[in-house]
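Heads up: the structure comes next, in structure tokens.
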Amino acid sequence: MILAHSFFARSAPKVARDLLGKMLTRRLPDGTRIAAPITETEAYDGFDDRASHAHRAKTTRNAVMFGPPGYTYLYLCYGIHWMLNVTTREEGYPAAVLVRATAVVSGPGRLTRYFMLTGEQNALPLRPASGIWIEPKSKDPVRPGSVRATPRVGVDYAGPEWRAKPWRFVWTPDA
DNA sequence: TGCGCGATTCTC
DNA sequence: AGAATCGCGCAT
């Protein structure tokens, strides 16, 4: 069972919230399989979102955000860290969810290093054949009360309205 | 063709 | 608090 088209073809905030507790899964070229539940996400939704890469226009870098849902969008940040996003919404509407952390790794840059993701994995459909996909657990482990929504990280430049959007979702698993 | 800055992380 | 580090986006 994998999350497919219909899961991702929704608004980025909804997808970001529902991605919590889902298993980010990776198969490396040597066959090694890595998987961990997603614990933190951020939504970037639409042309108007001033924090989004797609705010101005479609470019070479952000083109994937304008494509079909359920694809990887990887870009280099601060010249050092790769960021993993997954595209949402219908083709033509730019939206994506930044995967900021899993149960075993905190921080979006550390996450891609752990899962061995770089620009080589950009623009791939999320499915086993791509070596990266996302699976639901048989039973949803996320209690509604264990999720908190906060403003997004590092987007102070986006102006008062967009800076304040509670589009960062953090799941604290029960002990 | 050049320049400022960032959806970060680690160290001092 | 500051450095590391480089591609993108906008100005020249």
Side-chain angles (χ1 to χ4, degrees), chain A residues 3 7-22 24 26 34 36-126 132-134 147-172:
Chain A
L3 298 182
F7 179 91
F8 296 105
R10 300 179 292 148
S11 76
K14 282 184 180 171
V15 174
R17 164 59 183 81
D18 291 348
L19 235 24
L20 298 175
K22 304 295 190 290
L24 178 61
R26 173 101 167 100
I34 306 172
I38 294 169
T39 55
E40 184 180 340
T41 57
E42 271 178 11
Y44 292 85
D45 196 307
F47 301 96
D48 296 338
D49 181 358
R50 288 178 57 186
S52 170
H53 286 170
H55 170 53
R56 291 192 166 273
K58 186 174 178 178
T59 64
T60 308
R61 176 176 67 156
N62 68 24
V64 183
M65 290 184 71
F66 289 76
Y71 278 67
T72 60
Y73 167 40
L74 281 133
Y75 70 90
L76 191 60
C77 186
Y78 296 102
I80 302 174
H81 308 287
W82 289 98
M83 302 286 111
L84 170 66
N85 299 250
V86 301
T87 60
T88 80
R89 291 290 298 254
E90 70 277 9
E91 185 159 7
Y93 183 102
V97 172
L98 170 65
V99 183
R100 293 187 56 88
T102 66
V104 282
V105 205
S106 293
R110 300 188 55 182
L111 182 149
T112 53
R113 195 176 62 187
Y114 177 80
F115 280 89
M116 294 205 222
L117 296 164
T118 68
E120 289 183 25
Q121 283 74 43
N122 186 41
L124 295 176
L126 290 164
I132 177 167
W133 68 98
I134 303 175
V147 174
R148 118 186 157 267
T150 79
R152 295 170 288 183
V153 172
V155 298
D156 286 348
Y157 58 83
E161 177 189 354
W162 295 96
R163 167 175 52 208
K165 290 266 183 214
W167 284 0
R168 170 178 177 240
F169 299 92
V170 183
W171 171 44
T172 306

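Computation of the quantities below employed the complete heavy-atom set of this structure, encompassing side-chain atoms and omitting hydrogens, waters and symmetry-equivalent molecules. All values derive from a computational prediction rather than experimental measurement. Order of the sequence lines fixes the chain letters, A, B, ..., with proteins taken first and strands second; residue numbering starts at 1 for each chain.
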Problem - A:Trp167 side chain near A:Val155 side chain, heavy-atom distance below 4.5 Å - result: no
Exercise for the section: To the nearest Å, give me how far apart CG (A:Leu84) and P (B:dT9) are. Expected result: 13 Å
Fill in the blank from the handout: note: A:Asp156, atom CG; B:dC5, atom P; distance rounded to Å ~ 15 Å
Problem - Spacing between A:Tyr44 atom OH and B:dG6 atom P, to the nearest angstrom - result: 13 Å
List the atom pairs, donor and acceptor, that lie under 3.5 Å between side-chain atoms in residues 113-121 of chain A and the rest of the protein, sequence neighbours left out.
residue: A:Thr118; atom: OG1; partner: A:Glu120; partner atom: N; Å: 3.2
residue: A:Gln121; atom: OE1; partner: A:Thr118; partner atom: N; Å: 2.9

Practice task
Look only at the side chain of A:Arg50 and the backbone of A:Pro160, and say whether a donor-acceptor pair between them is shorter than 3.5 Å.
Solution key: no
Problem - Minimum side-chain heavy-atom gap A:Pro13-A:Lys165 below 4.5 Å - result: no
Practice task
Return one dot-bracket line describing DNA chain B 5' to 3' (Watson-Crick or G-U wobble pairs, both distances under 3.5 Å; ( ) same strand, [ ] crossing, | another strand, . none).
Solution key: ||||||.||||.
Handout entry: Partners passing side chain to side chain donor-acceptor pair (under 3.5 Å) against A:Trp133 (at least two apart in sequence or in another chain)
Key = A:Glu135
Practice task
Check whether any side-chain N or O of A:Thr87 sits under 3.5 Å from a backbone N or O of A:Pro68 as a donor-acceptor pair, and report yes or no.
Solution key: yes
Practice task
State, yes or no, whether a side-chain contact exists between A:Phe169 and A:Leu19 at a heavy-atom distance under 4.5 Å.
Solution key: no
Enumerate the protein-to-nucleotides 4-8 of chain C contacts in which both atoms are nitrogen or oxygen and the separation is below 3.5 Å.
residue: C:dT5; atom: O2; partner: A:Tyr78; partner atom: O; Å: 2.5
residue: C:dC8; atom: O3'; partner: A:Arg61; partner atom: NE; Å: 3.4

Problem - Beyond-backbone contact of A:Tyr73 with A:Asn122, side-chain heavy atoms, under 4.5 angstrom - result: yes
Completion exercise
Between the OG1 atom in A:Thr102 and the CG atom in A:Leu84, the distance rounded to the nearest 0.5 Å is 10.5 Å
Problem - DNA chain B-proximal residues of residues 106-113 of chain A, any heavy atom under 4.0 Å - result: A:Gly107, A:Pro108, A:Gly109, A:Arg110, A:Arg113
Problem - Contacting residues from residues 89-96 of chain A, given that a heavy atom lies under 4.0 angstrom of DNA chain C - result: none
Problem - Sidechain-backbone polar pair: A:Thr112 side chain, A:Trp82 backbone, donor-acceptor under 3.5 Å - result: yes
Practice task
For the pair A:Arg100 (side chain) and A:Pro108 (backbone), establish whether a donor and an acceptor sit closer than 3.5 Å, ignoring hydrogens and angles.
Solution key: no
Completion exercise
From CG of A:Leu98 across to C1' of B:dT8 the rounded distance in Å is 11 Å
Exercise for the section: Using atom types as modelled and distance alone, determine if a side-chain donor or acceptor of A:Asp49 lies under 3.5 Å from a backbone N or O of A:Gly46. Expected result: no
Practice task
Could you check if a side-chain atom of A:Trp162 sits within less than 4.5 angstrom of a side-chain atom of A:His55, using non-hydrogen atoms only?
Solution key: no
Exercise for the section: Can you tell me, in whole Å, how much space there is between the P of C:dG2 and that of B:dC5? Expected result: 16 Å
